[in-house]
Number of protein chains: 2
Amino acid sequence: MGITKTESYTTQTLHLADLFKALGHPARIAILQYISNQTSCICGDIVTELPLSQASISRHLQELKAVGLIKGEISGTSVCYCINPIVLPILIDFINQIHSPSNQTCCS
Amino acid sequence: MGITKTESYTTQTLHLADLFKALGHPARIAILQYISNQTSCICGDIVTELPLSQASISRHLQELKAVGLIKGEISGTSVCYCINPIVLPILIDFINQIHSPSNQTCCS
DNA sequence: TTTATATATCGCAATATTACGATTAATATT
DNA sequence: AATATTAATCGTAATATTGCGATATATAAA
């Protein structure tokens with residue numbers, strides 16, 4: 001992604017950007033939507049659900065896991081992924097913070 | 001960003017990914033936070049606020065504007081940017097949808 | 001009209017992301 | 001023990017992002 005001046009931002013800003021970046025790909029959005037629609041925590045049939053190779057799905061899952069958006073549990077030869085809700089409030093809070101009423105008055 | 005199989009996803013999924021991708025950079029997070037903290041709709045002193053060149057800030061602003069997260073109003077030689085709140089509910093809805101109670105039961 | 005100010009765009013180099021086949025690793029099954 | 005199944009990782013090619021200097025554009029001021 002080219003040079004990013006990582007050292008110039010607060011850790012909070014960098015954390016938010018990492019979380020949003022993980023959400024910034026249609027495959028990962030689709031994975032999250034698929035997982036959240038399963039009542040039980042279905043695993044690697046995401047591969048059959050999405051038009052990507054097993055290797056690509058695995059990489060996307062690792063990315064989501066790295067920022068804490070999902071967690072995985074090994075059961076036998078398969079791995080069970082599910083949403084990790086604890087980071088979601090961080091995103092909600094940021095969006096609400098941006099959505100403050102003081103902005104409504106300008107740029108008519 | 002390498003090949004992305006754009007045609008394989010719903011327009012809704014692609015739209016969400018675009019919005020989140022726009023949020024997935026610390027400079028753009030910082031820009032949004034800066035704008036939202038101004039009571040009046042302050043413009044190009046974002047350049048003096050952030051450690052990036054005028055060209056880079058302008059590019060980030062265009063990206064935020066392209067997905068509808070901000071809107072800009074020309075006034076004289078300067079441009080006045082502010083948060084565009086209308087797309088924020090789309091993001092909130094997605095996060096809430098993922099945060100559905102059915103997931104809480106698995107991956108103990 | 002000339003000059004100053006503010007912002008957008010171009011062109012490029014550096015770096016990151018994405019996808020996939022092939023391989024590895026680890027557990028299950030026979 | 002040998003084989004099958006599942007998922008992670010490696011290596012690589014294609015493409016996207018980022019940042020900046022330089023330039024272009026457009027309005028304001030002199």
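Chain identifiers are assigned alphabetically (A, B, ...) following the order of the sequence lines, protein sequences preceding nucleic acid strands; residue numbering begins at 1 within each chain. The structure presented is a predicted model; accordingly, all values stated were derived computationally and were not measured.
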Quick one: which of D/dA7, D/dG21, C/dA8 gets closest to the side chain of B/S53? D/dG21

Would you indicate, yes or no, if [N] has its OP1 or OP2 atom less than 4.0 angstrom from a side-chain nitrogen or oxygen of [X]?
{"X": "B/K21", "N": "C/dT17", "result": "no"}
{"X": "B/T77", "N": "C/dT5", "result": "no"}
{"X": "A/Y81", "N": "D/dA8", "result": "yes"}

Side-chain contact test, heavy atoms from C-beta onward, threshold under 4.5 Å: evaluate it for A/I57 versus A/L50 and give yes or no. yes

Decide if atom CD1 of A/I74 counts as having more than 12 heavy atoms of other residues, nucleotides or ligands within a radius under 6.0 Å. no

Would you say B/Q62 has more than 12 foreign heavy atoms packed within less than 6.0 Å of its CD? yes

Does any N or O in the side chain of B/N84 come within less than 3.5 Å of the main-chain N or O of B/G68, such that one atom is a donor and the other an acceptor? yes

Which whole-number value in Å describes the distance from [X] [atom1] to [N] [atom2]?
{"X": "B/I70", "N": "C/dT7", "atom1": "CD1", "atom2": "P", "answer": "12 Å"}
{"X": "B/D45", "N": "C/dT7", "atom1": "CG", "atom2": "C1'", "answer": "13 Å"}
{"X": "B/Q54", "N": "C/dC10", "atom1": "CD", "atom2": "P", "answer": "14 Å"}
{"X": "A/E49", "N": "D/dT6", "atom1": "CD", "atom2": "C1'", "answer": "18 Å"}
{"X": "B/L52", "N": "D/dT17", "atom1": "CG", "atom2": "P", "answer": "17 Å"}
{"X": "B/L23", "N": "D/dT17", "atom1": "CG", "atom2": "P", "answer": "15 Å"}

To the nearest 0.5 angstrom, please state how far the OH atom of A/Y9 sits from the CG atom of A/L16. 13.5 Å

In short, salt bridge (charged side-chain N to carboxylate O under 4.0 Å, His left out) pairs touching residues 22-35 of chain A with sequence neighbours left out are A/R28-A/E63

Watson-Crick or G-U wobble partner of D/dT17, both distances under 3.5 Å: C/dA14

For DNA chain D, which residues in residues 55-65 of chain A have a heavy atom at a distance below 4.0 Å? A/A55, A/S58, A/Q62

In terms of the nearest nucleotide of DNA chain C, which residue is placed more toward the 5' end: A/A27 or A/I74? A/A27

List for me each residue that meets ring pair (Phe, Tyr, Trp, His ring centres under 6.0 Å) alongside B/H60, sequence neighbours excluded, and say none if there are none. B/H25

